[in-house]
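Below is one structure; the comments refer to it alone.
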Amino acid sequence: MFKTFCLSFRLRNAYRVNSIIYSLKQLPLIKKILPSSLYKNKAIKILGNIVSILLEILNIFLGKILYLWLMIFAFLTMYQTNARDTFLHLFFFLTLAGAILNTYMFNPTKDKYYAIVLMNMDAREYTLSNYLYAMGKTFLGFLPFTILFSFLVGIPLWISLIMPLLVCSAKIIMAGINLRKYIKKKIVINENNPPKSYGILVLVFLLCAYGIPFLKITINEFLFVILLGITFIISIFFWISIWKFPYYRKVYKELLSNNNMYINNSKNEIVRASSLKNIEYNEKFTSTKTGFAYFHDLFVKRHRKILTLAIKKQAIVLILIFVFVVIALLINKDIHQEVNHLLMTYLPYFVFIMYLLNRGQTVTNAMFLNCDHSMLTYRIYRTPKVILGIFKERLKTLISLNLIPASIIGIALPVLLFITGGTDNPLNYVVLFISILAMSVFFSIHYLVMYYLLQPYNVETEMKSSTYSVVQFLTYFICYFMIDLHLPTLSFGAFLTLFCILYSVLSLIIVYHFAPKTFKLRR
């Protein structure tokens, strides 16, 4: 088993090194300097290996400290509860939610495809050895930071030492449950496309994590240790079933052939076929518009499931959350002052929320997969007049879709502000509403502009633009950074609205001048 792990680790590292070199060759200016023979250069290979090792270390530690800091520690000031108990409460429920979303075992990746399918490695040895390594990384990555944050909030050292055990145990339990589902129902769970029931369960755990402390109810140290002990004991039984599971090759054969990995052309056909199922071919779909507007209007009507289904779900969830918060405020008036303070100083946090809710990337992906992938092969479709005409129609659609959940939040925040005591300056109500809408419009424009200026997909529908990935990461990082900013709603909201307007105008001008040159199929 150790030999299998070493071989799989070398394979994964080689793949990562080649990916790093490929990414460098995709960057503007640099790609013209670097030759194709770069993959053979030993010095570059050594540098790539060093970078790969650094990335592995960052993967072990960086994500863990950001998670504990931004998802747990930063929220402690929101509640009128004991910081020590609140930290344990958030850690417990977020761990359960995280275990559902990511067990490490059911994440389809290319290195698994290369190892199990192409190189025909022993699926059981590969899975168990790499899963043990993943659990070790998880424990080691969390340990120094559970000690650090536990010290800051006053949690005893011995509890902080066993907190990472909860994360590993929860993931093992979830992995065991997924394997048992295969035995009983022949269902393979894909973590990139989990069942709806999993999403509902995650939402429940998130509401328990962030909602219950508003009622001044949290898990104390004693209960946390009891729950951790129960979780650990249950995980032992599930680990036995994971160790004895005999069908790993069958599971991975199905997992690695029915997910959005873009491994080969036949895989892309599966992706496109899956997407085509959501297209409605109905003769009744007509349009009174003309030109580009007619073409786009038919596209929107035929792709309603792809474009609007997630928006409707977001709207329903947001309304339920709003109702839940209103009920909590009516039941417990002691938290009014704290909530009022949050609404007046935590508007930057909603930048990250609007980033998560925005459907820009999903919609542009659907546009490419079901329209531009074919249409860009025609020269007339790449002319400035056509590109700009369709761009304007798509922008209207994307903004209108994203404004649905944004409007719910934009209305909810002033209402909650009023319920919790209001404000001396009526402009705060207006700024709360307008700034949320401005954020929505900003992200709609941002994603569409990124798509047109950096068109990241090639003819095989693979995402091959390093520049696009860098811009995407920077967008995420900046929005994530906003979580920890506490600024007055009036000044931040006004500045943000002006920035969104300025950015939107400049982006449209840039698209007008450069999109006809950049919006094309990658080879």
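Below, all heavy atoms of this structure are taken into account, side chains as well, without hydrogens, waters or symmetry copies. Along the sequence shown, the residues carry numbers beginning at 1.
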Distance-only donor-acceptor hits, side chain of residues 435-446, under 3.5 Å, sequence neighbours excluded:
{"residue": "Ser435", "atom": "OG", "partner": "Val431", "partner atom": "O", "Å": "2.6"}
{"residue": "Ser435", "atom": "OG", "partner": "Leu432", "partner atom": "O", "Å": "3.2"}
{"residue": "Ser440", "atom": "OG", "partner": "Asn402", "partner atom": "O", "Å": "3.1"}
{"residue": "Ser444", "atom": "OG", "partner": "Asn402", "partner atom": "ND2", "Å": "2.8"}
{"residue": "Ser444", "atom": "OG", "partner": "Ser440", "partner atom": "O", "Å": "2.8"}
{"residue": "His446", "atom": "ND1", "partner": "Tyr503", "partner atom": "OH", "Å": "2.5"}
{"residue": "His446", "atom": "NE2", "partner": "Thr475", "partner atom": "OG1", "Å": "2.9"}

Which pairs count as ring-ring contact (aromatic ring centres under 6.0 Å, His included) when at least one residue sits in [range], sequence neighbours excluded?
range            : answer
residues 387-407 : Phe391-Tyr452
residues 396-424 : none
residues 317-336 : none

Practice task
Output, in order, the C-alpha distance, side-chain angles, deciding distance and verdict of ring pair (Phe, Tyr, Trp, His ring centres under 6.0 Å) for Tyr210 and Phe75.
Solution key: CA-CA 9 Å; Tyr210 294 110; Phe75 281 88; 4.7 Å; yes
Exercise for the section: May I ask you to check whether Tyr131 and Tyr104 place their ring centers less than 6.0 Å from one another? Expected result: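 Centroid separation for Tyr131 and Tyr104: 6.0 Å or greater.
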Handout entry: Pair Tyr451 + Tyr447: ring centers closer than 6.0 Å
Key =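 Between Tyr451 and Tyr447, the centre distance exceeds or equals 6.0 Å.
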Handout entry: Counterpart residues, side-chain contact (heavy atoms from CB on, under 4.5 Å), relative to Ile327 (two or more places apart)
Key =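 Per chain and number, Ile327 pairs via side-chain contact (heavy atoms from CB on, under 4.5 Å) with Val323, Ile331.
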When the side chains of residues 489-499 are checked against the rest of the protein, which donor-acceptor pairs come out under 3.5 Å, sequence neighbours left out?
{"residue": "Thr489", "atom": "OG1", "partner": "Leu343", "partner atom": "O", "Å": "2.7"}
{"residue": "Thr489", "atom": "OG1", "partner": "Met344", "partner atom": "O", "Å": "3.0"}
{"residue": "Ser491", "atom": "OG", "partner": "Pro488", "partner atom": "O", "Å": "3.3"}
{"residue": "Thr497", "atom": "OG1", "partner": "Gly493", "partner atom": "O", "Å": "2.8"}

Mind checking the [atom1]-[atom2] spacing from [X] to [Y]? Nearest 0.5 Å is all I need.
X      : Y      : atom1 : atom2 : value
Met135 : Ser235 : CE    : OG    : 10.5 Å
Gln472 : Gln361 : CD    : CD    : 4.0 Å
Lys171 : Thr95  : NZ    : OG1   : 8.0 Å

Exercise for the section: Check Leu228 against Ile162 and note the closest heavy-atom contact, atom names and distance. Expected result: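 Shortest heavy-atom separation between Leu228 and Ile162 comes out as CD1-O, 3.4 Å.
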Exercise for the section: Could you tell me which non-hydrogen atom of Phe238 sits nearest to which non-hydrogen atom of Ile172, and how far apart they are? Expected result: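 Here Phe238 and Ile172 meet closest at CB-O, 4.0 Å.
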Problem - Heavy atoms from other residues, nucleotides or ligands near OH of Tyr133 exceed 12 (cutoff 6.0 Å) - result: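 Above 12, so yes.
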According to the salt bridge (Lys or Arg N to Asp or Glu O under 4.0 Å) rule, which pairs have a member within [range], sequence neighbours left out?
range            : value
residues 393-408 : Asp372-Arg394, Glu393-Lys396
residues 91-109  : none
residues 137-162 : Glu56-Lys137
residues 209-222 : Arg84-Glu221, Lys216-Asp334

Exercise for the section: For Lys313, check side chain to side chain donor-acceptor pair (under 3.5 Å) against everything at least two apart and list the hits. Expected result: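 Per chain and number, Lys313 pairs via side chain to side chain donor-acceptor pair (under 3.5 Å) with no residue.
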With a 3.5 Å cut-off and sequence neighbours excluded, list the donor-acceptor pairs that the side chains of residues 143-152 form with protein atoms.
{"residue": "Thr146", "atom": "OG1", "partner": "Phe142", "partner atom": "O", "Å": "3.3"}
{"residue": "Thr146", "atom": "OG1", "partner": "Leu143", "partner atom": "O", "Å": "2.9"}
{"residue": "Thr146", "atom": "OG1", "partner": "Ser160", "partner atom": "O", "Å": "3.0"}
{"residue": "Ser150", "atom": "OG", "partner": "Thr146", "partner atom": "O", "Å": "2.5"}

Exercise for the section: State whether a side-chain donor-acceptor pair under 3.5 Å links Gln337 with Gln80. Expected result: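 Side-chain D/A pair, Gln337 to Gln80: absent.
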Problem - Side-chain donor-acceptor pair present, Thr81, Thr218, cut-off under 3.5 Å - result: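 No, because no side-chain N or O of Thr81 sits under 3.5 Å from a partner of the opposite role on Thr218.
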